[in-house]
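Quick notes on the structure that follows.
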2 protein chains.
Amino acid sequence: MNPSPRKLEIISVASTLFKEKGYSAVTMRDIAKVMGIKAASLYNHIKNKEEILTFIIISLAEEFIDGLEKIKSGNNDCIYKLKQIIILHVDISSRNTNGMASLNNDWMHLKDQLNHYLALRMEYENSFRNIISEGILKNEIKNINPDIMVFSILSTLRSLYLWVPKKDDMEPTLLAANLSEVLLKGINK
Amino acid sequence: MNPSPRKLEIISVASTLFKEKGYSAVTMRDIAKVMGIKAASLYNHIKNKEEILTFIIISLAEEFIDGLEKIKSGNNDCIYKLKQIIILHVDISSRNTNGMASLNNDWMHLKDQLNHYLALRMEYENSFRNIISEGILKNEIKNINPDIMVFSILSTLRSLYLWVPKKDDMEPTLLAANLSEVLLKGINK
DNA sequence: AACGTAAACTAACAATCGTTAGTTAAAATT
DNA sequence: AATTTTAACTAACGATTGTTAGTTTACGTT
């Protein structure tokens, strides 16, 4: 069964608060106050606090997995795939600046779905590294430790949620293009 | 008056727990348990929970400010200064992988010193951006939006605390060198 | 008009939170 | 030897936590 509109509203409000203070510092009463209702009323729509966090994190994680799957399946060179990954991150992060905070910082508070999340993350990072390694083999990418390249690029992409809201005048397309230039070709002239 | 050894021990234990679960999710009883004492006994050494967080964050922030100040004052070209900044981050992050987690994720729970921290952070980012902008003027650095370059590089450097412990076999010097190559000249061959 | 449901409410629960007060035992200082 | 200091302890505080139970109100459907 799909989440009701009211439930999505609660999740959206919670995401905003989770970004501001982190999951642990946000109380059900905080969420309820923004919703304009009492804390107990939240439980007409959600099972518990954990369910909110789980929904935020798992749906975003799966969106990334799906996006990467499509990119992998395309028959393109590695640099092009990396550009698509950058676009994927700019896109998802721009549409979910709040939820991305939980995905990055509050995943350790998952219970039931913690292992599932960790598996998805490992799958994502492995696929990312494979694209880099393939690029090295095909002589498209410099022969540097692939782990360092994955770490460097992914760190930037994972921080987009903090940065995009401060530059909401900048078009996602332009941002992705500039990021590709910086991340792939560097800043040195 | 300098912090006593016992106080530093508490702060160190707290840092470890703060990295694992975040400041808000760590209780004084958690810290005490690892110390092998009761929660109330912590208060013989520290004023309150907030003081622990403040010490961790402010001392690290000041270490970054001091390091950047020395780099700025040197009469070197901008690319060299950026390489020094990368070394600075690798150095501080390697020696404080736990505390860096609080600096990055728990600063919003500061009270008395929140404004001080925000001022230091703004000062740091401004200095960073000035180095980039100067590099563009001197034709050392590509003429792309400096904000994007600052964001990109700083995001990677700020994530080092997560990555260094997973690669503790890698020498900091080598890591800094590889990072300089990737961040400044890109990965594209 | 009667009924059922959705979504709010009040009230309260046991658990846990940061913190304080007062005490004790050992170590350091006089 | 007497005294002060350090650092632990027990016990408890009021506040807040996530959550449950039971109730009320409004609305759509019969």
Side-chain angles (χ1 to χ4, degrees), chain A residues 1-58 101-102 105-114, chain B residues 1-58 101-102 105-114:
Chain A
M1 198 141 75
N2 275 358
S4 71
R6 192 64 169 159
K7 181 167 180 173
L8 292 175
E9 212 179 333
I10 292 172
I11 291 168
S12 169
V13 165
S15 299
T16 309
L17 296 175
F18 291 169
K19 185 186 179 191
E20 284 173 17
K21 311 199 293 173
Y23 173 74
S24 302
V26 174
T27 70
M28 298 303 281
R29 287 165 178 85
D30 289 337
I31 300 171
K33 180 162 271 181
V34 176
M35 292 291 298
I37 60 179
K38 300 290 172 182
S41 305
L42 294 171
Y43 290 83
N44 286 318
H45 307 280
I46 54 136
K47 210 169 99 248
N48 50 34
K49 191 186 179 189
E50 187 200 345
E51 193 204 14
I52 302 177
L53 183 70
T54 303
F55 183 92
I56 294 170
I57 291 181
I58 297 299
S102 297
N105 304 319
D106 286 321
W107 54 267
M108 70 285 281
H109 299 115
L110 292 174
K111 291 179 188 154
D112 282 4
Q113 301 272 53
L114 176 58
Chain B
M1 200 140 74
N2 275 357
S4 70
R6 192 64 169 157
K7 181 167 181 172
L8 292 175
E9 212 179 332
I10 292 171
I11 290 168
S12 170
V13 164
S15 299
T16 308
L17 296 175
F18 292 169
K19 185 187 179 190
E20 284 172 15
K21 311 199 292 173
Y23 174 74
S24 301
V26 174
T27 71
M28 298 302 282
R29 287 167 178 84
D30 290 336
I31 300 171
K33 181 162 271 181
V34 176
M35 292 291 298
I37 60 179
K38 300 291 172 183
S41 304
L42 294 170
Y43 290 84
N44 285 319
H45 307 280
I46 54 137
K47 209 168 98 252
N48 50 35
K49 192 187 179 189
E50 186 200 344
E51 193 203 16
I52 302 176
L53 183 70
T54 303
F55 183 92
I56 294 170
I57 291 180
I58 297 298
S102 297
N105 304 318
D106 286 321
W107 55 266
M108 70 284 281
H109 299 114
L110 292 175
K111 291 178 189 156
D112 283 4
Q113 301 272 52
L114 176 57

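Letters go in sequence order (proteins before strands), and every chain restarts at 1.
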- Message: Treating primed atoms plus P, OP1 and OP2 as sugar-phosphate and everything else as base, which nucleotides of nucleotides 15-22 of chain C get B, S or - for protein heavy atoms under 4.0 Å?
- Response: --BBBBB-
- Query: Which whole-number value in Å describes the distance from A:Ile52 CD1 to D:dT17 C1'?
  - Reply: 14 Å
- Task: Find the distance B:Lys7:NZ to D:dT6:P and express it as a whole number of Å.
- Result: 14 Å
- Item | Set of residues satisfying salt bridge (Lys or Arg N to Asp or Glu O under 4.0 Å) with respect to A:Lys21, sequence neighbours excluded | A:Asp30
Report all interatomic pairs (protein N or O, nucleotide N or O of nucleotides 27-29 of chain C) with separations under 3.5 Å.
none

- Item | Contact summary for A:Ile57 and A:Ser102, nearest pair of heavy atoms | CD1-O, 3.7 Å
- Scan residues 5-20 of chain B for pairs that pass side chain to side chain donor-acceptor pair (under 3.5 Å), counting only residues two or more places apart or in two chains. B:Arg6-B:Glu9, B:Lys7-B:Glu51, B:Thr16-B:Asn98
- Give every residue pair that meets the ring-ring contact (aromatic ring centres under 6.0 Å, His included) criterion with at least one member in residues 12-52 of chain B, sequence neighbours excluded. B:Phe18-B:Tyr23, B:Tyr23-B:His109
- Query: If you look at every heavy atom in B:Ile31 and B:Val13, which pair is closest and at what distance?
  - Reply: O-CG1, 4.0 Å
- Note on the structure: To the nearest angstrom, the CG-P distance between B:Leu42 and D:dT6 comes to 18 Å
- Task: Apply side-chain hydrogen bond (donor to acceptor under 3.5 Å, both in side chains) to B:Ser41 and list each qualifying residue two or more places apart in sequence or on a separate chain.
- Result: none
- With A:Lys38, which residues qualify under salt bridge (Lys or Arg N to Asp or Glu O under 4.0 Å), at least two apart? none
- Let me know the distance between CE of B:Met35 and P of D:dA8, rounded to the nearest Å. 7 Å
- For B:Ser41 and D:dC9, is the shortest distance between a side-chain N/O and OP1 or OP2 below 4.0 Å? yes
- Just jot down the salt bridge (Lys or Arg N to Asp or Glu O under 4.0 Å) partners of A:Asp106, sequence neighbours excluded, or say none. none
- Task: With sequence neighbours left out, write down each residue that passes side-chain contact (heavy atoms from CB on, under 4.5 Å) with B:Ala32, or none if nothing qualifies.
- Result: B:Ile37, B:Ala39, B:Leu42
- Note on the structure: Rounded to whole Å, CD1 of B:Ile10 lies from P of D:dT6 at a distance of 15 Å
- Item | N/O (side chain, B:His45) to phosphate O (OP1/OP2, D:dT6) under 4.0 Å | no
- Item | Residue list, side-chain contact (heavy atoms from CB on, under 4.5 Å) with B:Lys33, at least two apart or on another chain | none
- Tell me: CG of A:Leu17 to C1' of D:dT17, nearest whole Å? 16 Å
- Item | Distance, rounded to the nearest Å, where A:His109 contributes NE2 and D:dG18 contributes P | 12 Å
- Message: Let me check the geometry of the helix from C:dA1-D:dT30 to C:dT30-D:dA1. What is the bend angle between the axes at its two ends, five pairs each, to 10°?
- Response: 10°
- Item | Close side-chain approach of A:Asp112 to A:Glu50, heavy-atom, < 4.5 Å | yes
- Task: Would you mind reading off the distance between A:Lys111 atom NZ and D:dG18 atom P, rounded to a whole angstrom?
- Result: 11 Å
